[in-house]
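Below is one structure, written out as structure tokens, with a few remarks after it.
These values consider heavy atoms only, across backbone and side chains, with no hydrogens, waters or symmetry-generated copies. Order of the sequence lines fixes the chain letters, A, B, ..., with proteins taken first and strands second; residue numbering starts at 1 for each chain.
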Amino acid sequence: MLDPRLFRTDLDFVKEQLNRRSFNFNPESYVELEARRKDVQVKTQELQNERNSRSKAIGQAKGKGEDVQPLLDQVQYLGDALKAAESELEGIQAEMETLMEGIPNILDEVVPEGKSEEFNLEISRWGDVPEFDFEPKDHVDLGAKLKGIDFELGAKIASSRFVVLSGPLARLQRALIQLMLDMHVAEHGYIETYVPFLANAESLRGTGQLPKFEADLFKASNDPVLYLIPTAEVPVTNRVRDVIVDAKELPLKYVCHSPCFRSEAGAYGRDVRGMIRQHQFEKVELVQIVRPEDSAQAHEDLTVHAENILKKLKLPYRKILLCAGDTGFSSSKTYDLEVWLPGQGSYREISSCSNFKDFQARRLQARWRNPETGKPELVHTLNGSGLAAGRALIAVMENYQDAEGRVRIPEALLPYMGGLEFIE
RNA sequence: GGAGAGAUGGCCGAGCGGCUGAAGGCGCUCCCCUGCUAAGGGAGUAUGGGCUUUAACUCCCAUCGAGGGUUCGAACCCCUCUCUCUCCGCCA
């Protein structure tokens with residue numbers, strides 16, 4: 001959620017910024033609603049004030065043993081007027097809330113303009129794209145040959161976009177997760193955390209998935225209402241919902257492995273082959289809660305932490321700064337890391353690292369006490385994949401394959417593979 | 001799942017339907033005294049919002065787990081829900 005004060009003081013700026021995202025914001029209807037809000041709120045509070053002071057007078061008169069009937073008669077008329085004003089105000093506030101919750105974050109000034117991914121800005125490339133003296137297979141063919149990836153079985157058990165991994169390839173995914181967790185804890189200073197994989201509506205609203213993106217979620221239960229998490233970002237960031245964090249505790253850095261569940265509504269026909277886009281996948285997520293002045297640097301650091309995993313695995317990748325149109329709803333600035341997939345002959349997203357600034361924090365009421373002011377102020381939140389394990393698995397498979405269709409285990413994963421050097 | 005108890009400010013803990021946004025204590029901050037690993041005295045110390053061109057102060061509104069209700073007036077009475085604790089049952 002954006003700062004309501006910004007809307008009142010600099011509506012032109014808001015409009016201009018939202019335009020960058022091609023977000024259709026109508027200032028006139030906002031101004032009209034805000035005027036009604038102000039009007040009705042002031043009126044309501046005046047009525048409440050009157051009721052309170054009159055009630056107090058009744059109490060005092062009663063205390064002195066005076067006849068309070070005349071005073072009671074005077075307040076009679078207040079009841080209905082107050083009730084009407086209160087419910088009108090409630091309606092307007094709900095309307096305002098709906099409006100505000102549907103408005104995306106303001107983009108960082110460095111975010112390039114552009115409506116679609118072709119305007120994304122490549123920041124850097126790392127690693128050498130491997131040269132094969134044979135035609136490299138993609139992970140689907142490799143996985144079938146190695147009898148370790150079975151999409152039909154996934155579809156039989158659940159539906160399309162589910163997969164079953166078996167044997168050394170299943171272990172390879174686990175090894176990747178272990179490596180990531182170990183590196184982020186030991187080398188990057190994150191606290192490992194384990195969280196619920198179902199989240200309530202309040203939590204999903206806090207991080208921005210609800211109310212606007214309910215169609216992307218799997219609802220797991222109606223009583224109580226719970227959704228399968230689309231990313232560990234949701235439960236982990238919600239650790240600080242309605243919390244005032246002590247300044248000394250910042251920054252908070254959490255790493256969390258979890259399965260992620262996405263309905264992929266609207267992705268029909270996209271990436272139907274292989275493990276690129278699944279309803280369920282494993283991911284190691286990095287989350288940081290920081291002081292506002294530190295978030296820009298934290299964003300750079302967090303992205304480097306994700307990059308370090310790719311470097312450790314010696315997987316070629318490039319770093320992309322997403323353009324205005326491609327940046328997510330809640331994010332103000334996002335770097336994507338794209339890993340080279342020889343089977344596809346292209347770079348594909350394996351990590352997305354975002355600075356949400358105070359957008360999530362405002363929804364979450366996640367604050368810290370600023371020692372300089374003594375007041376609670378909103379924190380900044382960030383997160384990034386470090387990395388998506390399913391995609392890391394296929395990246396390893398495709399980059400480390402040989403002419404016989406075997407997969408060599410990357411050196412960094414050897415300690416996690418029980419002596420196995422090749423999957424064949 | 002069954003039975004019972006509870007939910008108040010950073011913590012502990014009072015609270016009669018009206019003068020309680022909340023006694024008292026602890027903690028913390030500042031000041032005074034003292035002067036040295038003690039003690040004493042004083043002041044302050046919840047959050048969100050509104051009004052004000054902005055900000056601070058004053059002021060006003062809301063909040064004592066959440067949501068309804070009764071009432072001129074609710075932390076206090078009634079209802080529903082949530083959570084926590086104890087006991088029983090079940091259980092990876």
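For R262(A) (side chain) and T231(A) (main-chain N/O), no donor-acceptor pair under 3.5 Å exists by modelled atom type.
The interatomic distance linking R241(A) (CZ) with rG65(B) (C1') rounds to 14 Å, in whole Å. What separates CG of L72(A) from P of rG18(B) is a distance of 16 Å, to the nearest Å. Atom pair L364(A):CG and rU47(B):C1' shows a separation of 17 Å (rounding to whole Å applied). Atom NZ in K375(A) sits roughly 14 Å away from atom P in rA55(B) (whole-Å rounding). One can place CG of N222(A) at 17 Å from C1' of rC81(B), the figure rounded to the nearest angstrom. Atom CG of D39(A) and atom C1' of rG49(B) are 17 Å apart (whole Å). Going from atom CD of Q60(A) over to atom C1' of rC72(B) covers 14 Å, rounded to whole Å. In this structure, D246(A) atom CG and rC28(B) atom C1' are separated by 11 Å, rounded to whole Å.
More than 12 heavy atoms of other shown residues, nucleotides or ligands fall within 6.0 angstrom of atom NZ in K212(A). More than 12 heavy-atom neighbours from other residues, nucleotides or ligands sit within 6.0 angstrom of CD on Q69(A).
Pair check for rA39(B) finds none; no Watson-Crick or G-U wobble contact set falls under 3.5 Å. Base pairing of rU63(B) is made with rA46(B), judged by Watson-Crick or G-U wobble geometry with both donor-acceptor distances under 3.5 Å. Checking rC19(B) for Watson-Crick or G-U wobble geometry (two distances, each under 3.5 Å) identifies no partner in any strand. Base pairing of rC91(B) is not made with any nucleotide, judged by Watson-Crick or G-U wobble geometry with both donor-acceptor distances under 3.5 Å. The nucleotide rG6(B) finds its pairing partner in rC83(B), both defining distances of the Watson-Crick or G-U wobble pair being shorter than 3.5 Å. Remark: rA14(B) base-pairs with no nucleotide; criterion is Watson-Crick or G-U wobble with both hydrogen-bond distances under 3.5 Å. As the counterpart of rA75(B), no nucleotide is assigned, since no Watson-Crick or G-U wobble pattern has both distances under 3.5 Å. In this structure, rC33(B) forms no base pair with any nucleotide, since neither Watson-Crick nor G-U wobble geometry is met with both distances under 3.5 Å.
R391(A) is not listed as a side-chain neighbour of M275(A), based on a closest heavy-atom distance of 4.5 Å or more. For the pair F213(A)/L204(A), no side-chain contact is recorded, criterion being any heavy-atom separation below 4.5 Å from C-beta on. Contact annotation: the side chain of H380(A) never approaches that of D294(A) to less than 4.5 Å [non-hydrogen atoms, C-beta and beyond].
Residue R369(A) places no side-chain N or O under 4.0 Å from the OP1 or OP2 atom of rU45(B). Taking only side-chain nitrogens and oxygens, R367(A) comes nearer than 4.0 Å to OP1 or OP2 of rG48(B).
Using a 4.0 Å cutoff on non-hydrogen atoms, the parts of residues 40-59 of chain A near RNA chain B are Q41(A), V42(A), Q45(A), Q48(A), N49(A), R51(A), N52(A), S55(A), I58(A), G59(A), ordered by number.
Taking the P atom of each, rG44(B) and rA22(B) are spaced 12 Å apart, rounded to whole Å. The P atoms of rG24(B) and rA43(B) are separated by 11 Å, rounded to the nearest whole Å. Here the separation of rU71(B) from rC78(B), taken at their C1' atoms, is 12 Å to the nearest Å. Rounded to whole Å, the separation between the P atoms of rG10(B) and rA5(B) comes to 28 Å. Comparing rU8(B) with rC85(B), their P atoms sit 14 Å apart, to the nearest whole Å. On the C1' atoms, rG89(B) is 15 Å away from rG4(B), given to the nearest whole Å. Distance noted for atom C1' between rC51(B) and rC57(B): 14 Å (whole Å). Taking the P atoms as reference points, rC32(B) lies 49 Å from rU84(B), given to the whole Å.
F359(A) and F329(A) have perpendicular rings, their planes meeting at more than 60° on a 0 to 90° scale where under 30° would count as parallel. Aromatic ring pairs are classed by plane angle as parallel below 30°, tilted from 30° to 60° and perpendicular above 60°; the pair H184(A) and H188(A) is tilted. Ring planes of Y335(A) and H299(A): parallel class, angle under 30° (limits at 30 and 60°).
Judged purely by distance below 3.5 Å, without hydrogens or angles, the side chains of R21(A) and T327(A) never pair a donor atom with an acceptor atom.
Nucleotides of RNA chain B nearest to K83(A) and P376(A) differ in position, and the one nearer the 5' end is that of P376(A). Of the two residues near RNA chain B, E90(A) and K62(A), the one whose nearest nucleotide lies more 5' is K62(A).
Counting any heavy atom pair closer than 4.0 Å across all strands shown, K38(A) reaches sugar-phosphate atoms only and no base atom. Residue P224(A) is out of contact with every strand shown, counting any heavy-atom pair closer than 4.0 Å.
The listed nucleotides are rG18(B), rU47(B), rC51(B); the one nearest the side chain of R37(A) is rC51(B).
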